[in-house]
Colleague: 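One structure coming up, written as structure tokens, with questions to follow.
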Number of protein chains: 2
Amino acid sequence: MDGKTKNRAAAVPPPDGARPTLKTIAFMTGLGITTVSRALKDAPDIGAETKERVRLVAKQIGYQPNRAGVRLRTGKTNVISLVLTLEEEIMGITSPMVVGITEILAGTPYHLVVTPYSSTKDPLGPIRYILDTGAADGVIISRTEPHDPRVTLMTERHLPFVTHGRTEMGIVHPFHDFDNERFAYEAVRRLTERGRRRLVLLEPPPNLTFHSHMRTGFERGLKDFGAEAVSFHHVNIDHSLVAIRDAFEQLMRSVDAPDGIVSGSGSGAIALIAGIESAGKKVGQDVDMVSKVPSDFLRWLRPEVMTMYEDIRLAGRELAKAVIGHIEGKPPETLQSLSQPEFQRPMSKSPKV
Amino acid sequence: MDGKTKNRAAAVPPPDGARPTLKTIAFMTGLGITTVSRALKDAPDIGAETKERVRLVAKQIGYQPNRAGVRLRTGKTNVISLVLTLEEEIMGITSPMVVGITEILAGTPYHLVVTPYSSTKDPLGPIRYILDTGAADGVIISRTEPHDPRVTLMTERHLPFVTHGRTEMGIVHPFHDFDNERFAYEAVRRLTERGRRRLVLLEPPPNLTFHSHMRTGFERGLKDFGAEAVSFHHVNIDHSLVAIRDAFEQLMRSVDAPDGIVSGSGSGAIALIAGIESAGKKVGQDVDMVSKVPSDFLRWLRPEVMTMYEDIRLAGRELAKAVIGHIEGKPPETLQSLSQPEFQRPMSKSPKV
DNA sequence: CATCGCCACTGTATCGTTACAGATTTTGTC
DNA sequence: GACAAAATCTGTAACGATACAGTGGCGATG
């Protein structure tokens, strides 16, 4: 007789049309399954020539490890989970984000799984699910809060992750963030350069970390460039466009009306413009406005609004690189990045003329 | 001695903090692993009381089947793959689509995996990958062509799928589509109602199926409502905004300038508007325009443009339901749907005043 | 009372992979 | 030449689930 029992496998030809497995390679090379497995991972106890032979055959027949097999045996899922609020939909920042992430994952064995949740409910839900079921090797979250229970939980349980946005908990973890402080500061600079002195900020919801970043930049700008703040806290960029417009129309009609506006979101800017116009005023004339934008639309449709571009696709790429780095054990402090606002030249009505 | 070898498992207490498996339940109930497995799938050869007991315990300890185990043994992945072009990014239709899909998947064991590809390269790539590796139970594709090789391949290989858009190959398969013919027809109606007679269509790329749908509706409208077409085929909605604008500016400056425009995409409309304005004309005055839109932005920023809403989130939901139906073996002809354009009332500048 | 059939349940093998503990051969040492 | 140490390679078991082929008990049948 030949081999004993299980690895006798190598002596049996693999079924025909089926997808190749280690067994197939073992049969073709005459080696044991174990050897093939170890050869493919370049283990030190396999001969150089054997490795070469195995690699060649594997490539030839298009071997790809069975994910379920690996996952069952090792627990490695090769999955990155993108945790999204279903509501995170305004102005669709999700698309470029997903594209950015997949651009990076394309060169790796990782797949991207989208895990949604209703933000009105338990934000820990999806995290718990991933922890309980071992659904992913790494997680990307957004809408980060200064004290974010998700970060605490994932850190405790050693689940690699990265946040889109920073925290303030003394936990060093991977993140990518847009420099919202800088954005607001530069926005104020732009407005004061145009002689605006009574400025208002359409801010992020107060529970998110970048709320304070943006406020800080705004206020630092006011001080440095000599302007005053007009209070406008009833609504924030999470509110509906209608709510923002109505609130802002009211403000613009009041004696307190600002002459300069910083908008923390592109879609918010749309509502603000509507509010301004409802109040019978005009952007670029009665007021100036700077908005953070994730795309070109505002610039095309309302060139009178000054825009600072936030590259979400880049963010996706950075986030993907960071989670993978975290999974691979790189120190978290090397996996942090901040991207700078890009002030956009106003679009000329007709560049060719 | 007790049980023989493998199922002796049931006699061994499960490790402490670990996630519960069938073994855990088997131990707790004193049953065999097989019995537990069959009880949970409501097999006919298990006693009613036993099933009840098993279900209770399973629920109590929060048992969730190990996906890798199931997948390895049965081949069922519980994965739906959304195949996207990386370029499909203009105007971010991906976001609401993903949201719609996940809304449906949330109530099922399915996960959503995003599989991107570079449309300039081989569109069959991701399909082949899924077929070769058994990466998903079902697939959602878009940018459907009249003779779409992906549809042929998946049909041949019995991989359940659904297309966003229709085909013309005589293959009956699940799809969801927006009624682009109706859209264009109604758009022409609107324009002629305003007295416009020289109409132009910014159309989809000619290789996609809905190109002809939209053209057909457009031409039928021209005939029924008495208007003539202005030729404009140099660019389509897949081209860059700059290309569209420049081409359209030229058209608007020519003696052939149209007085009515149908735009097959929201972002395209933005470029058209820019082109019109570069040529020194004005929408709502010199020309009227109807555009298909996936969001509210255009309506907010350019209320003079008439818009017809395409509900992408709904499309996501329909697509998800259809793939799942296909996976479950429902006949394809019952998994086809067409959504109608929703003409939107122009936004009043200030509804409260 | 032997036998049959049915019900309810169980053991074994298996999916593809890898950790681990050998096994065999070659090389090195004195 | 004997023995140890490398150097290579291999079998077994296990991850968690399920298909399949039983097994044992019990009531019905003749």
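Chain A is the first sequence line, chain B the second, and so forth, proteins listed ahead of strands; every chain is numbered from 1. Because the structure is predicted, anything quoted here is derived from the model rather than measured.
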Colleague: Just call it for P65(A): base, sugar-phosphate, or nothing, with non-hydrogen atoms closer than 4.0 Å on any strand.
Modeller: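 Answer is sugar-phosphate: P65(A) comes under 4.0 Å of backbone atoms only.
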
Colleague: Does a side-chain N or O from S37(A) land closer than 4.0 Å to OP1 or OP2 of dT17(C), or not?
Modeller: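 No, no such contact exists.
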
Colleague: Would you kindly check whether a donor in the side chain of R73(B) faces an acceptor in the base of dT18(D), or vice versa, at under 3.5 angstrom?
Modeller: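 Donor-acceptor pair under 3.5 Å: yes.
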
Colleague: Which nucleotide in the set dT18(D), dT12(D), dG16(D) lies at the smallest distance from any side-chain heavy atom of L72(B)?
Modeller: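 So the nucleotide nearest the side chain must be dG16(D).
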
Colleague: Looking at dC9(C), I'd like to know if its phosphate oxygens (OP1 or OP2) sit under 4.0 Å from a side-chain N or O belonging to T50(B).
Modeller: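 Indeed, a polar side-chain atom of T50(B) lies that close.
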
Colleague: Between K51(A) and D42(A), is there a salt bridge with N-O shorter than 4.0 Å?
Modeller: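 Result for this pair is yes, salt bridge flagged.
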
Colleague: Answer yes or no: is there an ion pair linking D122(B) with R128(B), defined by an N-O contact shorter than 4.0 Å?
Modeller: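 Counted as a salt bridge, because a side-chain N and a carboxylate O are separated by less than 4.0 Å.
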
Colleague: Take atom CD1 of I33(B) and atom P of dG11(C), then tell me their distance rounded to the nearest Å.
Modeller: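 So the CD1-P distance, I33(B) to dG11(C), works out to 9 Å.
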
Colleague: Please determine whether side chain to side chain contact (heavy atoms under 4.5 Å, CB included) holds for the pair R67(A) and H111(A), giving the CA-CA distance in whole Å, both sets of side-chain angles, and the decisive distance to 0.1 Å.
Modeller: CA-CA 11 Å; R67(A) 311 188 118 232; H111(A) 284 181; 3.3 Å; yes

Colleague: Could you tell me whether T35(B) contacts a base, only the sugar-phosphate backbone, or nothing, with contacts defined as non-hydrogen atoms closer than 4.0 Å?
Modeller: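 Contact class for T35(B): base.
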
Colleague: Rounded to the nearest angstrom, tell me the gap between atom CZ in R38(A) and atom P in dA21(C).
Modeller: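 Value for this atom pair: 13 Å.
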
Colleague: Y63(B) side chain: which of dG11(D), dA17(D), dT10(C) is closest?
Modeller: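 Given the options dG11(D), dA17(D), dT10(C), the side chain of Y63(B) is closest to dA17(D).
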
Colleague: Would you indicate, yes or no, if dT18(D) has its OP1 or OP2 atom less than 4.0 angstrom from a side-chain nitrogen or oxygen of K41(B)?
Modeller: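 True: K41(B) side-chain N/O within range (under 4.0 Å) of dT18(D) OP1/OP2.
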
Colleague: Can you check the I25(A) CD1 to dG16(C) C1' distance for me, whole Å?
Modeller: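 Answer to the nearest Å: 12 Å.
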
Colleague: With a 6.0 Å cut-off on the ring centroids, do H164(B) and F175(B) count as close?
Modeller: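 For H164(B) and F175(B), the ring centres are not under 6.0 Å apart.
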
Colleague: Taking NZ from K23(A) and P from dT14(C), how many angstroms apart are they, rounded to a whole number?
Modeller: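 One finds 8 Å between P of dT14(C) and NZ of K23(A), rounded.
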
Colleague: Does the pair E145(B)/R150(B) count as a salt bridge with the N-to-O cut at 4.0 Å?
Modeller: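 Salt bridge: no.
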
Colleague: Relative to the 5' end of DNA chain C, which residue comes earlier, K51(B) or T74(B), by the nucleotide with the nearest heavy atom?
Modeller: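 Counting from the 5' end, the first nearest nucleotide belongs to K51(B).
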
Colleague: Heavy atoms only, 4.0 Å cut-off, all strands: where does N66(B) land among base, sugar-phosphate and nothing?
Modeller: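 Sugar-phosphate, no base atom in range.
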
Colleague: Measure CG/L22(A) against C1'/dT10(D) and give the value in whole Å, please.
Modeller: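 In whole Å, dT10(D) C1' lies 14 Å from L22(A) CG.
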
Colleague: Take the protein atom CG of L40(A) and the nucleotide atom P of dC9(D), then report the distance between them rounded to whole Å.
Modeller: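 About 13 Å, once rounded to whole Å.
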
Colleague: Tell me the interatomic distance from Q64(B), atom CD, to dG16(D), atom C1', rounded to whole angstroms.
Modeller: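 From Q64(B) CD to dG16(D) C1': 14 Å.
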
Colleague: Write down the distance between CZ (R19(A)) and P (dG16(C)), rounded to a whole number of angstrom.
Modeller: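 In whole Å, dG16(C) P and R19(A) CZ are 8 Å from each other.
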
Colleague: Considering only dT18(C), dT8(D), dT17(C), which nucleotide approaches the side chain of D45(A) most closely?
Modeller: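 My answer, after comparing the listed nucleotides, is dT8(D).
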
